[in-house]
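These notes concern the structure reproduced below.
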Amino acid sequence: MTTDTLPTTETPGRAPSAFQEIARKGLWENNPALVQLLGLCPLLAVTGTVVNAAGLALATLLVLVASNLTVSLIRNQVRTEVRIPVFVLVIASFVTAVELIMEAWFHQLYLVLGIFIPLIVTNCAILGRAEAFAARNPPGRAALDGLMMGVGFGAVLLLLGAMREALGQGTLLSNAHLLLGEAGRGLEITLIPDYPGYLIALLPPGAFIGLGLILAGKNWLEQRRSGA
């Protein structure tokens, strides 16, 4: 678990660079999925389609922002000895709220994602951000960190979902109505007509191969940028 602390003293001239640093770490340098390799179980399990990936990405994003903000607000009232159980309780409360919202408003998608919605509680990326960042920084920065980490994690989910759906089914945004309602029924894109499908892309081995390719691509970009 990494510890990210930024100066807690507000300095008007340096505040924008601090926010940019949080954004850069969340989206790229300390991305939960690509660098910390956290939350891989749901990432690999539900990214068979873009819509499934988007559903889990939104749920994780909401929990990350809400839990980071709450942990930051109560950080001075929680004793050090009990901080982890309290943080887990906060995260579990928001996961329960998100689960109930999805069951009520996105019931079919909720059924597709199944156990992986309540399992957000066990996502080490969320507890890690609460402990490593939110508990040491003011609410604004903690909420921004949750937002950037959630967006970074969601971007990997969507990219992997797009890769697997395109190779496995030859489509993009299939079953978009599960997330967008009736307006999403016409959004499905057929990339290759009469495509027979590449089954392994939809199976767990395809998820591992896809994530490996994304990790290799990130490492290649890092090496090219550093001139190695």
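Each residue takes its place number in the sequence, starting with 1.
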Can [Y] be reached from [X] by stepping across I, L, V, M, F, W or Y side chains whose heavy atoms are under 4.5 Å apart?
| X | Y | value |
| --- | --- | --- |
| L213 | L34 | yes |
| L44 | I120 | yes |
| L43 | W28 | no |
| L211 | L119 | yes |
| W220 | L37 | no |

Do [X] and [Y] touch side chain to side chain, with heavy atoms closer than 4.5 Å?
| X | Y | value |
| --- | --- | --- |
| L179 | L58 | yes |
| R79 | V82 | yes |
| H177 | L187 | no |
| M163 | I214 | yes |
| T49 | N52 | yes |
| E29 | V35 | no |

When you measure from the side chain of [X] to the backbone N and O of [Y], does any donor-acceptor pair fall under 3.5 Å?
| X | Y | result |
| --- | --- | --- |
| R75 | S72 | yes |
| S226 | Q223 | yes |
| S174 | T171 | no |
| N68 | A142 | yes |

Can you tell me how far [atom2] of [Y] sits from [atom1] of [X], rounded to the nearest 0.5 angstrom?
| X | Y | atom1 | atom2 | result |
| --- | --- | --- | --- | --- |
| I91 | T96 | CD1 | OG1 | 11.5 Å |
| L180 | F106 | CG | CZ | 8.0 Å |
| C41 | F116 | SG | CZ | 5.0 Å |
| N123 | L64 | CG | CG | 7.0 Å |
| F133 | R141 | CZ | CZ | 7.0 Å |
| L56 | L113 | CG | CG | 6.0 Å |

Which heavy atom of [X] sits nearest to which heavy atom of [Y], and what is that distance?
| X | Y | value |
| --- | --- | --- |
| N30 | R129 | ND2-NH1, 3.6 Å |
| V50 | E165 | N-OE1, 2.8 Å |
| E99 | Y110 | OE2-OH, 3.3 Å |
| L40 | A33 | CD2-O, 4.1 Å |
| A59 | M102 | CB-SD, 4.0 Å |
| T47 | R164 | OG1-NH1, 2.8 Å |

If you apply the rule side chain to side chain contact (heavy atoms under 4.5 Å, CB included), what do you find for L27 with M149, and how did you get there? CA-CA 6 Å; L27 297 175; M149 287 289 170; over 6 Å; no
Full working for side chain to side chain contact (heavy atoms under 4.5 Å, CB included) between F87 and E131: CA-CA 8 Å; F87 294 168; E131 165 66 9; 3.6 Å; yes
Regarding T80 and R83, do their side chains bring together a donor and an acceptor under 3.5 Å, going by distance alone?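 Side-chain D/A pair, T80 to R83: absent.
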Would F94 and L62 count as a side chain to side chain contact (heavy atoms under 4.5 Å, CB included) if you check the C-alpha gap in whole Å, the side-chain angles of each, and the deciding distance to 0.1 Å? CA-CA 8 Å; F94 285 116; L62 289 174; over 6 Å; no
Surrounding CZ of F208 (heavy atoms of other residues, nucleotides or ligands, distance under 6.0 Å), is the total greater than 12?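 Not more than 12 within 6.0 Å, no.
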Evaluate side chain to side chain contact (heavy atoms under 4.5 Å, CB included) for V86 paired with I74, printing each intermediate quantity in order. CA-CA 10 Å; V86 171; I74 66 174; 4.0 Å; yes
